[in-house]
Amino acid sequence: METKYTKKVLDNYKKILVEELKRQLKKPNSNLEKSIVGRKLTGKDGFSISMNDYGLNVNQGRSAGKFPNIDRLKDWIIRNGIKSRTVKDSKPSSLDSLAYVIGRSIAQKGIRPTRFIDIVIEKVEPKLTIDIANAYLKDLNVELDKKLKNVGSKG
């Protein structure tokens, strides 16, 4: 069965979800924001949304406990241009000490969840479900009309 209308709705929602995720993240031009992409599934009606792995941690937060990977913290500090906020006239903190202080804070306090993925799903999913159902029904009706037309012309 040809699913022209369903494909159109799915393509539209792929774009909507990517835009909404980026907007809800509220971190323009961040590596996470840049990594959010939608792709059409090959050979199927549907799409996937992907992003950097840590997007789930940003969404769900992180509980206190384990010390985070220090090398990843250093990369994050460099990538985001984080500077230490030390007392005036003192020398700036080294990358290692800055990464340690941030890591210690994460290990002690954790990271609050942003729920940016959950918020987008809660916002978009109800209308998406209805629109896909209506588009599929439209595709089904087109197919049935073709079949009925062929049956009617034979008699």
Side-chain angles (χ1 to χ4, degrees), residues 1-140:
M1 177 173 88
E2 177 62 34
T3 54
K4 178 175 90 172
Y5 296 105
T6 304
K7 287 177 182 174
K8 188 175 179 180
V9 167
L10 288 169
D11 190 50
N12 186 41
Y13 272 97
K14 175 184 70 171
K15 293 172 189 163
I16 289 170
L17 283 167
V18 167
E19 289 169 9
E20 282 296 313
L21 285 166
K22 289 180 177 188
R23 192 178 65 72
Q24 191 64 44
L25 180 60
K26 298 175 185 160
K27 302 271 187 207
N29 297 319
S30 69
N31 283 345
L32 181 55
E33 192 249 13
K34 290 175 188 172
S35 76
I36 299 172
V37 293
R39 290 185 180 88
K40 183 185 179 325
L41 296 178
T42 308
K44 299 178 185 176
D45 288 343
F47 60 88
S48 68
I49 305 283
S50 61
M51 67 182 75
N52 288 342
D53 293 343
Y54 65 91
L56 293 177
N57 290 335
V58 172
N59 182 63
Q60 298 167 346
R62 179 191 163 130
S63 59
K66 190 176 173 191
F67 200 92
N69 181 305
I70 200 78
D71 291 327
R72 286 187 179 172
L73 280 176
K74 288 178 189 178
D75 290 343
W76 179 81
I77 291 166
I78 293 167
R79 206 174 43 244
N80 290 292
I82 306 294
K83 304 289 181 212
S84 64
R85 296 181 185 159
T86 55
V87 182
K88 264 188 189 178
D89 299 330
S90 68
K91 65 180 183 177
S93 298
S94 71
L95 179 60
D96 288 333
S97 62
L98 191 54
Y100 174 77
V101 170
I102 292 170
R104 183 180 63 194
S105 176
I106 292 171
Q108 290 173 348
K109 300 175 189 174
I111 301 172
R112 282 183 310 205
T114 63
R115 294 194 64 248
F116 80 103
I117 297 171
D118 302 331
I119 291 167
V120 169
I121 290 171
E122 289 167 8
K123 178 181 177 184
V124 173
E125 192 267 339
K127 185 161 175 23
L128 167 69
T129 303
I130 291 168
D131 288 349
I132 289 175
N134 288 336
Y136 190 75
L137 184 60
K138 205 172 188 180
D139 287 329
L140 193 56

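Quantities reported herein were computed from a predicted structural model and do not represent experimental measurements.
Looking at Ile111 and Asn57, their side chains never come closer than 4.5 Å, going by heavy atoms from C-beta outward. Annotation: side chain of Glu122 is in contact with side chain of Arg115 (closest heavy-atom distance under 4.5 Å). Using a 4.5 Å cut-off on side-chain heavy atoms (C-beta onward), Leu32 and Lys27 make no contact. With contacts defined as side-chain heavy-atom distances shorter than 4.5 Å, the pair Leu73/Ile106 qualifies. At a threshold of 4.5 Å between non-hydrogen side-chain atoms, the residues Met1 and Tyr136 count as touching.
When all heavy atoms are compared, the tightest approach of Thr114 to Ile119 is O-CD1, 4.0 Å. Nearest heavy atom pair, residue Asn59 against residue Pro113, reads O-CB, 3.2 Å. Heavy-atom minimum distance, Gly55 versus Phe116: O-CE2, 3.6 Å. Across all non-hydrogen atoms, the minimal contact from Pro68 to Gly103 is CD-O, 3.5 Å. Between Gln24 and Val120, the closest heavy-atom pair is CB-CG2, 3.8 Å. Shortest non-hydrogen contact noted between Gln108 and Ala64 is O-CB, 3.2 Å.
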Checking Phe47 against Leu17 for the side chain to side chain contact (heavy atoms under 4.5 Å, CB included) test, could you report, in this order, the C-alpha distance in whole Å, the side-chain angles of both residues, the deciding distance, and whether it holds? CA-CA 11 Å; Phe47 60 88; Leu17 283 167; 3.6 Å; yes

List the steps, then state whether side chain to side chain contact (heavy atoms under 4.5 Å, CB included) holds for Ile130 with Lys127. CA-CA 5 Å; Ile130 291 168; Lys127 185 161 175 23; 5.7 Å; no

Could you go through the side-chain hydrogen bond (donor to acceptor under 3.5 Å, both in side chains) check for Asp139 and Thr6 one step at a time? CA-CA 7 Å; Asp139 287 329; Thr6 304; 2.6 Å; yes

Assess the residue pair Trp76 and Asn31 against the criterion (side chain to side chain contact (heavy atoms under 4.5 Å, CB included)); give the C-alpha distance rounded to whole Å, side-chain angles, the decisive distance to 0.1 Å, and a yes or no. CA-CA 10 Å; Trp76 179 81; Asn31 283 345; over 6 Å; no

After noting the C-alpha distance and the side-chain angles of Ile117 and Leu56, does the key distance pass the side chain to side chain contact (heavy atoms under 4.5 Å, CB included) rule? CA-CA 8 Å; Ile117 297 171; Leu56 293 177; 4.0 Å; yes

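Under the 3.5 Å distance criterion, the side-chain polar atoms of Thr129 are matched with a main-chain donor or acceptor of Glu125. A distance-only check finds no donor-acceptor pair linking the side chain of Asn52 to the backbone of Ser35 [under 3.5 Å].
The structure places NZ of Lys26 at 13.5 Å from CD of Glu33, a figure rounded to the nearest 0.5 Å. Between atom CG of residue Asp45 and atom CG of residue Leu10 there is a gap of 6.5 Å, rounded to the nearest 0.5 Å. Remark: Phe67 CZ to Ser105 OG distance equals 10.0 Å, nearest 0.5 Å. Taking CD1 from Ile121 and CG from Leu21, the interatomic distance works out to 7.5 Å, rounded to the nearest 0.5 Å. Remark: Ile36 CD1 to Leu25 CG distance equals 5.5 Å, nearest 0.5 Å.
Atom CZ of Arg72 has 12 or fewer heavy atoms from other residues, nucleotides or ligands within 6.0 Å. For Arg79, the CZ atom is densely surrounded, since the number of other residues' heavy atoms within 6.0 Å is greater than 12. Heavy atoms from other residues, nucleotides or ligands lying under 6.0 Å from NZ of Lys40 number more than 12.
Test Lys7, Lys8, Lys15 against Asp11 for salt bridge (Lys or Arg N to Asp or Glu O under 4.0 Å) and you get one pass: Lys15.
With salt bridges taken as basic N to acidic carboxylate O contacts below 4.0 Å, one links Glu20 and Arg23.
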